[in-house]
Amino acid sequence: MTPALSSSSSSSAAAASQRLFRCTASLRRTHAPHRSPSMSPPPRKLKLMAEIMVKAKYAVLEREDYDDVRCEKCRSGDRDDELLLCDKCDKAFHMKCVSPIVVRVPIGSWLCPKCCGQKRIRSFSQKKIIDFFRIQKCKDAESPYLSAQAIKHRRRLRSLVWQKKSRRLLSFLPSEDPDRRLKQMGSLATALTTLQMEFSDDLTYLPGMASRSANQAELEDGGMQVLSKEDIETFELCRTMSRRGECAPLLVVFDSCEGFTVQADGQIKDMTFIAEYTGDVDYLTNREHDDCDSMMTLLLAKHPSRSLVICPDTHGNIARFINGINNHTPEGKKKQNCKCVRYNVKGECRVILVAIRDIAKGERLYYDYNGYEYEYPTHHFL
């Protein structure tokens, strides 16, 4: 029979067992838990330095002396009143040396094209451009059409007095360099694909919207100006040249403030046909609450239910990217170099953009959104 333990011996034995338990427990806590492969932390994804620098805040490094500032493009320090200093890299550029050119001194901060992250025009191959614009190749080399030289000769034959009195439309002169024309069409293709639009150089009539039979110029309230026979010939000539890939000397560029905009890539004379405003034709009543900023009036009928508008949402051409002016300020009115006119062309309503003065190469194109109605608010325009 096992002898019974005394109270003192039993308490000492309990203390010893408790110390042993604490010791073993502490030893167990020192062992690292076993991790399964699935519990291992995922590898860290490191960002490129270029991505970090784009989003990082910047500080302007001021120079001690600005007397020797030179333009980064032309390397000239002349015309210091036209030199702009970038608020990020502190480099100088002439207002006419950057692309697109800066028409007036910016209000507030200004960043050069490199620092503002200006989108570059994506390059398109010649085949892609031909397919995108559905350019028609002439099978017969002797097919009857007017070349650029023939257009110049046609202009010289006109009497100066008669031309000034009649103010006829002039056809545009395409760039003679084929590579230059490809660059111009490539810039338009980039802008259209960015907005997920399809190119259309004519009005489009889609199911569920207005039909072509609804586009009748005779329904215009008060009548519509009829395009003369000679101007119709010029209009058709420009359309034929565009189908052959001989487009107007225009370039679509991206601006950090205005978005996509259009600038002249060659000299454009007064009264030159710029483009027809194209897009999807719909009834005005269907677009009363539409927030599209490029909607254009096509027909103003006596009954509002028959009025039509052009909506370049899914289809359009270069006219979609020509910006409007702020017609409430003198500075905005000075920028206008085009006008938008609605014509009766063979019984149908058409909207045509025409130059109202000589436009120099590198100058951006602007027109008044309101035309003669003055119903569109332009207070917020630049």
Side-chain angles (χ1 to χ4, degrees), residues 47-124 175-191 194 248-268 318 321-323 325-326 331-332 334-337 358-366 381-382:
K47 294 185 178 180
L48 297 176
M49 182 59 67
E51 298 179 4
I52 298 176
M53 293 303 295
V54 169
K55 298 181 180 180
K57 296 182 178 180
Y58 61 88
V60 180
L61 300 177
E62 298 285 348
R63 306 184 190 182
E64 295 181 359
D65 188 11
Y66 284 89
D67 294 335
D68 58 344
V69 174
R70 296 181 179 274
C71 177
E72 296 293 325
K73 292 289 185 181
C74 65
R75 307 306 302 173
S76 172
D78 299 336
R79 307 191 312 275
D80 54 351
D81 57 329
E82 297 181 5
L83 280 173
L84 299 176
L85 291 175
C86 177
D87 289 326
K88 187 173 182 179
C89 64
D90 207 36
K91 294 181 180 179
F93 298 87
H94 280 118
M95 297 171 63
K96 295 184 178 180
C97 289
V98 293
S99 180
I101 62 175
V102 180
V103 182
R104 65 191 184 281
V105 178
I107 300 176
S109 61
W110 178 80
L111 300 180
C112 66
K114 183 178 180 180
C115 293
C116 72
Q118 178 173 321
K119 295 182 180 179
R120 296 183 178 180
I121 297 178
R122 189 178 65 180
S123 59
F124 280 76
S175 302
E176 296 181 0
D177 185 8
D179 295 335
R180 196 65 190 172
R181 294 201 299 268
L182 287 175
K183 183 178 181 181
Q184 295 163 2
M185 290 185 289
S187 66
L188 175 58
T190 298
T194 302
L250 302 173
L251 200 65
V252 183
V253 296
F254 184 82
D255 183 78
S256 57
C257 297
E258 299 182 4
F260 285 110
T261 184
V262 179
Q263 72 179 29
D265 200 33
Q267 182 73 20
I268 300 177
I318 199 166
F321 303 102
I322 300 179
N323 288 335
I325 63 167
N326 184 343
E331 293 78 9
K334 289 180 181 179
K335 291 166 47 177
Q336 182 178 359
N337 48 22
D358 291 346
I359 303 175
K361 181 179 180 180
E363 186 178 353
R364 292 183 181 178
L365 273 63
Y366 294 95
F381 285 10
L382 298 177

**Prompt:** What's the spacing between C89 SG and K114 NZ if we round to 0.5 Å?
**Reply:** 8.0 Å

**Asked** Sequence neighbours excluded, which residues qualify as side chain to side chain contact (heavy atoms under 4.5 Å, CB included) partners of D358?
**Response** Q267, K269, D270

**Flag side-chain contact, heavy atom, 4.5 Å: S187 against V253** = no

**Request:** Go through the structure and list residues passing side chain to side chain contact (heavy atoms under 4.5 Å, CB included) with K73, not counting sequence neighbours.
**Result:** C71, F93, C97

**Prompt:** N323: what forms a side-chain hydrogen bond (donor to acceptor under 3.5 Å, both in side chains) with it, not counting sequence neighbours?
**Reply:** E258, T261

**Message:** In the structure I gave you, are the side-chain heavy atoms of V69 and D80 within less than 4.5 Å of one another anywhere?
**Reply:** no

**Message:** Do K361 and D265 have side chains that approach each other closer than 4.5 Å (heavy atoms only, starting at C-beta)?
**Reply:** yes

**Asked** Which value, rounded to the nearest 0.5 Å, describes the distance between Q263 atom CD and I322 atom CD1?
**Response** 12.0 Å

**Item:** Pairwise side-chain contact, H94 with C74, heavy-atom cut-off 4.5 Å (strictly under)
**Value:** yes

**Message:** Just to verify, what does E82 make a side-chain hydrogen bond (donor to acceptor under 3.5 Å, both in side chains) with, not counting sequence neighbours?
**Reply:** R79

**Prompt:** Can any side-chain N or O of D87 pair as donor or acceptor with the backbone N or O of L111 at less than 3.5 Å?
**Reply:** no

**Prompt:** Hey, are the side chains of I359 and L365 touching, using non-hydrogen atoms and a 4.5 Å cut-off?
**Reply:** yes

**Prompt:** With side chains defined as the heavy atoms from C-beta onward, is the minimum distance between K91 and C112 less than 4.5 Å?
**Reply:** no

**Prompt:** With side chains defined as the heavy atoms from C-beta onward, is the minimum distance between L250 and L188 less than 4.5 Å?
**Reply:** no

